[in-house]
Structure formats: structure tokens, C-alpha cells
Amino acid sequence: MPTKLTFLMGGLLSAVVAVPVQAARAATAACVPPNAAVPAGANTTDPAAPFYIDTSGLNLATTPPTRDPLNPKYPHATALADGTLPAPGSEGNFIIGPSHPAAPEATRQAGVPAGTIRSFTMTSTDGEIFRPGLVRDDAGGCRNQAVDTAATAPGDASDLHVSASHAGIWTRAVDVYVPAGYRPGTTLPFIVFGDGGPVSFFKETLLFTILDNLIHAGKLPPMAAIGIAAGGQDAQGSERGREYDTVSGAYAEWVEHEVLPRVERNAGVRLSHDPDARLTMGFSSSAAAAFTMAWTHPEWYHRVLGYSPTMVNQQWPHDPALPGGAWEYHSAWPGPKTTTLAITGGSIAPATMSDGAPLIPNTPTKPIRYWFEAGDRDLFYYVPAMADGMHDWTLANERMAQVLAAKGYHYQFVFSRNARHVDGATEAQTFPEALEWVWKGYKSVKGGS
């Protein structure tokens, strides 16, 4: 995918510097609001027809719809008393809420030494994998305007046509948490996460505070945490979407070869090469990227943590080899079988696209330990034109839990009542327990080969 995109943009490179994220998100009265309901014209009645959207178990009177955690089409989950969390080390599916008291470790504790933060910046001219960058022109300064007003291909609700994207340059921050008392030259386990940096909907200071407290209490080993800001903008046609929503090894390879060496040089740390000593983490699309990093490169990562993972059809440009994008981790592509053109033996001929078989059920189990969460009011068909049956975030993660269980993965899935997309109260309640759970079985730094 990155090779294809670089080829498409190769002749477009210009000295464009994208506007800051906060400016791009400024709304005007003319902005088209994102959708949060069943798209007009959607197939909600015939499960055998293409792009079926199942509305059972949804309270459509709320925006977005509120999902019933006891929906019989979801895998069985254990409902917990309000304000409580799963027992330490437990696996499977759990329902929490509706209230979300913050964990004690989410606030700074007296007498706990703080780690240090060492920051640097990168641009899309610093490396090769995501060079050039991708910039989308959103009219009127409206966030995602080009996406919200885009149309899909005739007869294919899964293929969104976004024509406002072109090559450009992005600058991003990289923040590195170094634990208190770190001795230079010592090998550290580490967390690497997307949507980092000072301008993000995830407040990385929450993670740093929790790490201070858990490390001091001996509940986690001393470790580094690397927050990498998104390339820019959001969704289809954006650099953020290109990096996070593409189901390929490109983002993991960019982190491994172009980011981590800079982290070691700029922050003065030595990072472990043991996949058991590495956790990849994210929020929304960066959570999908976190899973993809471990899926495509299990030799680098065994541990994954995600809030509201975007395991839906966000991959762009549309790829006939995987037409449902991250949706196809857990579910079959729901569209019709079609043909496309392919070059074979020097000639162009019709080729049948992927049969849409889901990836996890049809791939040998990988050494991945996965903690993830979704809310009862998580995202739902926010692009009006994409009535594709693949944009219900909660359903996507319920199906992830189902296929992971069937394949024998070690996982914990939390359904959070009274919670929206990447819900801050849910994070403050669950983050310490989630970190302890995902690091279970790791006793010490295991070397830095």
C-alpha cells in the first residue's frame, strides 16, 4: 500500500506545509456535521444482500446509537457491578459502568518520583517510508469536510472517493518518557503509541502519571514510553489515516527503522529488541494501527492495548486485495464479488478481487496478548455516503472478541456503558489495570539484543 500511494503521489510533491491540527479542526457555520445515524438508503432489511447494516440491539433515539451490551448477537460477557473492574489477570469479555471513578494511579501521588520527558520533532522529509506526506484540502477549515461530502463509487458503498488529497510535508512531535532513576546504557522495555504529542485527543500525561505510580509501586518494571504524534488530519485521504488505517506492515516498519533509532539518540535510552518487552498501543485509528503492528510483525511486538480501535473499513485508497480494510480482521467483506484489472505476464486482464475471508479466523494464532475497550456510544457510520455495513465501532470490537476467543488468544475486552469514543472517564478508570493486565508474565528486562 505505501508503495502504491507513493507512486500515485510521486509527481505531486510540492512545498506544502499542512496547517496545524487545531486549525484544521476549526469549524464554521458552513461545515457539514459528521453523521452518527444509519445512512440514507442503507440496507437494513436483507442480511443476504450486499452491505447489510444490522440495527438489532441499537437504541436509535440517541446520537450515536446506544448499544445494548446484552445483545444476543454479541459474544457472552460478564456484567460487573458498577464502578468495578475485572479481576486481575482475568481473560474474556466484561461489561463495566455506567459510572467510571478514576483509579488512584491516575493522579499524581505524594512521594512518587516522576520520570522525565524528552521531546524532538520529525518531518515527512526525514525518512523514506512516508515520504512525501499526504495533505487533504478541507474546504472552509472544516474538519474532515472533504470526507463528509465525498461520494462512493457507483455500486460500491465501501469505496469512498476523496479527490482533495495531495503530497505535502508534515511535522510531528515525539515525546519520550524515561522512568525515574534510569541508568544510561540499561536496556528498557517500552510502550510505543500513536496519537501522542502535546496536541492530541489523548492526554499522554495521564499515561506518564500512571507509569510513575505503577513503577514506584513495583507493579510494572521501569520502562520507556514513546508517544508519536499523528502525521496530520484524520480519516480517508489524510496522513493519519494513511499511517494508521492501512492494513500492512508499513507503520511498524517506519517506527522500527525511522523512529526508534532517533528515540535512542535523542532521549539517551537503550530500547529492548525482545518482542515480549514491547507494547504497542493506540486510540481509535492508532489502536487499529497498534494491532496491525503486532499482526504484521510479531517478531517485534507481542503486547497490544487499544481504546475504541477502528477495526472498520477506513483503509484508503480502496484496495481490492483487502476491500474491507481492518473490518476484515474479524468479518467477511459484505459487498458483492467484482472484478478488477491486473497485470499478469506483461498483459492486462480481469482479476477477481479478494474473496473477503476474515484474517484472524483463517490465520494461525500469533503470539499477541491484547487488551481493548469500546463504548456503548462509540462511533457509528460517521461518513454519510458509506452505507457499507462496516462502520459500527462497537460491533467491530465485539466481533474481534469473538474471533480472538475462537482462536485461543489471550485477550481482555471491556464494553463500557455510558461511554463515547475514546472515553476519557473510562481511560482514567481502566488504564492502570489494563497496563498491568497486558504486561502480565513479564518479570524483568530480558536483554537488549
Quiz prompt | Glu299/Lys366 ion pair, N-O < 4.0 Å | solution = no

Practice problem: State, yes or no, whether a side-chain contact exists between Val192 and Phe190 at a heavy-atom distance under 4.5 Å. | Solution: yes

Quiz item: With ring centroids as reference points, do His330 and Trp295 lie under 6.0 angstrom apart?
Solution: no

Exercise. Check whether the ring centres of Phe413 and Phe94 lie less than 6.0 Å apart, and answer yes or no.
Key: no

Exercise. Indicate yes or no for a side-chain donor-acceptor contact from Asp423 to the backbone of Thr426 under 3.5 Å, with no hydrogens or angles considered.
Key: yes

Self-check item: Note, Tyr301 side chain near Leu279 side chain (heavy atom, < 4.5 Å)
Solution: no

Quiz prompt | Ser90 side chain to Pro86 backbone, donor-acceptor under 3.5 Å | solution = no

Quiz item: Do Pro298 and Pro367 have side chains that get closer than 4.5 Å, going by heavy atoms?
Solution: yes

Quiz prompt | Test item: Arg143 and Cys31 side chains (from C-beta on) under 4.5 Å apart, heavy atoms | solution = no

Quiz item: Taking side chain as C-beta onward, heavy atoms only, is Ser119 less than 4.5 Å from Asp175?
Solution: yes

Quiz prompt | Check ion pair Asp138-Arg136 (N to O, under 4.0 angstrom) | solution = yes

Quiz prompt | Sidechain N-carboxylate O distance under 4.0 Å for Arg240, Asp234 | solution = yes

Quiz prompt | Donor-acceptor under 3.5 Å (Gln315 side chain, Val247 main chain) | solution = yes

Self-check item: Side-chain touch Ile228/Arg172, heavy atoms, less than 4.5 angstrom
Solution: yes

Quiz item: Taking side chain as C-beta onward, heavy atoms only, is Ile53 less than 4.5 Å from Asp392?
Solution: no

Quiz item: Is it true that Glu91 and Lys440 have a side-chain N and a carboxylate O under 4.0 angstrom from each other?
Solution: no

Quiz item: On the ring face of Trp371, is Arg303 found with NZ or CZ under 6.0 Å from the centre and within 45° of the axis?
Solution: no

Quiz item: Phe291 and Phe372: ring pair (Phe, Tyr, Trp, His ring centres under 6.0 Å), yes or no, with the steps?
Solution: CA-CA 10 Å; Phe291 187 85; Phe372 61 116; 8.2 Å; no

